[in-house]
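Side chains are part of it too, since the values below use all heavy atoms of this structure and drop only hydrogens, waters and symmetry mates. Please read all numbers here as calculations on a predicted model, not as lab measurements. Read the numbers this way: they start at 1 and go in the same order the structure lists the ligands and their atoms.
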Amino acid sequence: MTIRTGTGTHARMEDSVLSQLSDDSLLEYIADLSQSQSQLDAADYTREQYFREKSARQQQQDRALQEENKQNGVPQIFGGCAVYINGYTKPGRLQLHETLVRHGGKFIHYLSSKRKATHIVATNMPLKKRKEFANYKVVTPEWIVESVKAGKLLPWQSFAHAWDDKQPKIAVTNCNDPNFLNNFFQNSRLHHLSNWKSNLRQNVLQLNDSFRVPKKKDSLTVFHIDFDCFFASVAALDFPNLDIDSDPIVVCHGTHNSDISSCNYAARKYGIKNGMWVSDAKGFLPQGVTLNCLPYNFEKIEAKSAEFYSILRKNDFIKFDEILPISIDESICVKISQSSETPNLRDICQNLRNEIYKSTNCTVSIGCSDTLIMSRLNLKRAKPKSSFILFHKDVDDTFLSNVKLSDIPGVGSSTISKINALNNQEPILENVLQLKKVINANKSFIGSMTATVGNKLTKKILLSLDGKDDDESLKMIYEPINFFERKSLSIDINWGIRFNSIHEVDAFIDICTKYLVEKLNELKKKTSQINLKLLKRAPNAPIEPEKYLGCGKCDSMNRNSKLGIPSNEFGFLTTEIKHNYRCVSCPPNELRGISIQFIKLVDVPSTKDDISKRFINFETFQNLPNDVKPGFVNELKKRKIQIKEPKVNKYQESFLNEIPTQLRNEIKKDLIINEKIKNSEIDRIYAKQVQRQNSLMNSKNHLLGNSNESIFESIKFQNETSFKKICSKIIAWVDFTVKDNGPHPKDLELFENYLDKLSDSNRVPLILRISKLISNELNLKSLKYSNENGFQIWEQQLIKTIIPKLMKNKHTFQTVRKLDLEFDL
Ligand code: DCP
Ligand code: MG
Ligand code: MG
């Protein structure tokens, strides 16, 4: 049978239509065509026409069916949806078609540019099709089935194909793409959270005028206010069909291998928790209950949060003295209590909650008390959609029995298991009341707790049993500016990291550093410490983890460097980080995550101070050892530090004028030196450098036994004490004995003795040095003598005796290697 294809461009378009057909529809088409062939005016009838006619016929039938169902009161939940069904589906195409039409949807016969489908339904989605359908909402047939069951249109995202799990949905998936970082940030909730938090905190610092910081003697009322399942509530606003109170809703990037950032209380009812994987969460639901997976709406989240904070600042019920930002969805508000009035806290909480709901359409819960810890515990108790008020003096056993140990801030699973171990696991302590009883029954328990979890935490836990705060937590209230000040800055990427070469890693480090330096400059800060944290694929983990471009199971490695002086210079910082990368052993292709932290931020002095400090005295420079001068000249130029003589200040000037010239010059010199020590950065760099060199020298001397201060004696071998000479002797010895029957057993015994002494006194690098020398020597001789008895004895000696001595002292070996000692032998 031949099928007419028309001509020219027309024909090409038709081919594209054909290629979109599933096997079923193609067969259907051929059958149809052959049946009606006799009726056709063969010359004009093209596939295009055929489909148009068939489609029109079909739509007519569909409309009739739809109308009938509508009359019978079948809910028209798919109104506005135009659905194309691709390929083999389960349930089958006909059944889906009918279900869809009965419930108000439009069935699209074939895809063309003219006829836009709103959704594509498919059970399987081969790679080629994924690309082709990249701009469509592609769902599994369950979307239709489950929506009908639920009697309402469920969000398509919950049924999107698993390949939607790529975290950033935009096509930039390569960490070597210059836009990668922006893309990652746009889609990373953790990045958003940390950014929002720091902006909120920055605002606190700026708004400090409108604050009234309480004094220690003031009595306080603390309101801890937090949105209920914040991301989920905000996301649900875009899906009016869903009921936040009864439909299980989660917010995540995909429908399978992605984690849940927020789940609503209807989902929590089944055991689902924030942070779980979607695929795991689905397993918690009984049959017939659908998990609604909604996408992030970062813009809306930010807007809702802004409304929230604005109501806290301005409302008709209470003027807070402090509004402390804990996070995007959470604030601690403090009111200094006036003894003259007793406010109706219940009303205040209720009014605040109403007001926030009116404005944001999302609910908050409030914990209210006279201490921080109690307001936090009350908040837990209040959740969701309510408030709870209890002052610390009213804490009773019933309340404590409802507080889990993990509810106390700073108490995590490790602390809990330590405490349980102290109690011999009998009974397992779950709530705070149980702990209180153990402590009351056994006064020595506090001592044991202090010894295992530390003094600070023990104190904090004991205080919270009485609903009281520790001093550390109270700093938030009494020193808010200091508390909320930015103390570190970081970038953390654990998705999409795939490198092939060190150059790619370096380029990426440049991008990250540039980002951090921009932030530093915005904050007008410098960093004095850098930490590089890497995630390296765990040895047993697959090359590609389940989560698309995720980090999978990893080992984490860390490298910290304290900078001699705080810096905000891109070149300097990025070099330091690249150096750190080279210090940890992680090949580029094993890297799965990079995190860079700038720790201990310090203020950049105002420009005026800065300039006055940016000089170095000529004498200081002159006094530097000649070999370090050129290096410093470059460094000074780079930092725009000038070499010049500082002026003596006015007071000093008038004092100096009073004394005889000779003496005056002496004193002036002294003053200048002192001034320079106080002011110039270079002295500190220099002092650091000298200190570092000295400590290297000391280690080296110690190892070689050269130093007078070394507590170890130099070790003798063959009546030699100089390590250099000992090495020469060993080489000569090897050289002489590889050729025939090998070293004399007696000599070997003495040699081994010497190695043991080195090892026992932690001089492992020297053993390393010796083993390298012998190994080199054997390599050189291998061509000629590898069959000789002597050669083989030496080889065995190296592998069985010398190298094991290195491993015996593995710890020292590694530490010393880190020092990177060079022996000039
Ligand atoms: N969030 C996140 N990842 C985290 C912590 C928080 O994505 N590791 C987001 C999602 C949350 C929002 O921040 O919705 C607020 O965090 P909460 O801890 O307040 O959690 P919820 O508001 O979701 O729930 P709850 O009702 O328990 O406050
Ligand atoms: Mg919350
Ligand atoms: Mg919160």
Check ion pair Asp470-Lys456 (N to O, under 4.0 angstrom): no
Under a 4.0 Å heavy-atom cut-off, which residues neighbour ligand 1? Arg189, Leu190, Leu193, Asp226, Phe227, Asp228, Cys229, Phe230, Phe231, Ser261, Ser262, Tyr265, Arg268, Asn274, Asp329, Lys383
Counting only N and O atoms by type, is there a donor-acceptor contact under 3.5 Å from the side chain of Ser369 to the main-chain atoms of Leu390?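 Confirmed, Ser369 side chain pairs with Leu390 backbone.
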Is the shortest heavy-atom distance from the side chain of Glu546 to the side chain of Trp277 under 4.5 Å? yes
pair Trp196-Ser305: side-chain heavy atoms closer than 4.5 Å: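 No; the side chains remain at least 4.5 Å from each other.
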Would you check if there is a donor-acceptor pair between the side chains of Glu307 and Ser359 at a distance under 3.5 Å? yes
Distance-only polar pair, side chains of Asp492 and Ser490, donor-acceptor under 3.5 Å: no
Within 45° of the six-membered ring axis of Tyr478 and under 6.0 Å from that ring's centre, is NZ or CZ of Lys216 located there? yes
Could you tell me whether Tyr296 and His253 have their ring centroids closer than 6.0 angstrom?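 Under 6.0 Å, so yes.
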Under 2.8 Å from the Mg ion (ligand 3), which protein N, O or S atoms do you find? Ignore water molecules. Asp226 OD2, Asp329 OD1, Glu330 OE1
Could you point out which residue of Thr363, Asp245, Asp228 forms a side-chain hydrogen bond (donor to acceptor under 3.5 Å, both in side chains) with Lys385? Asp245
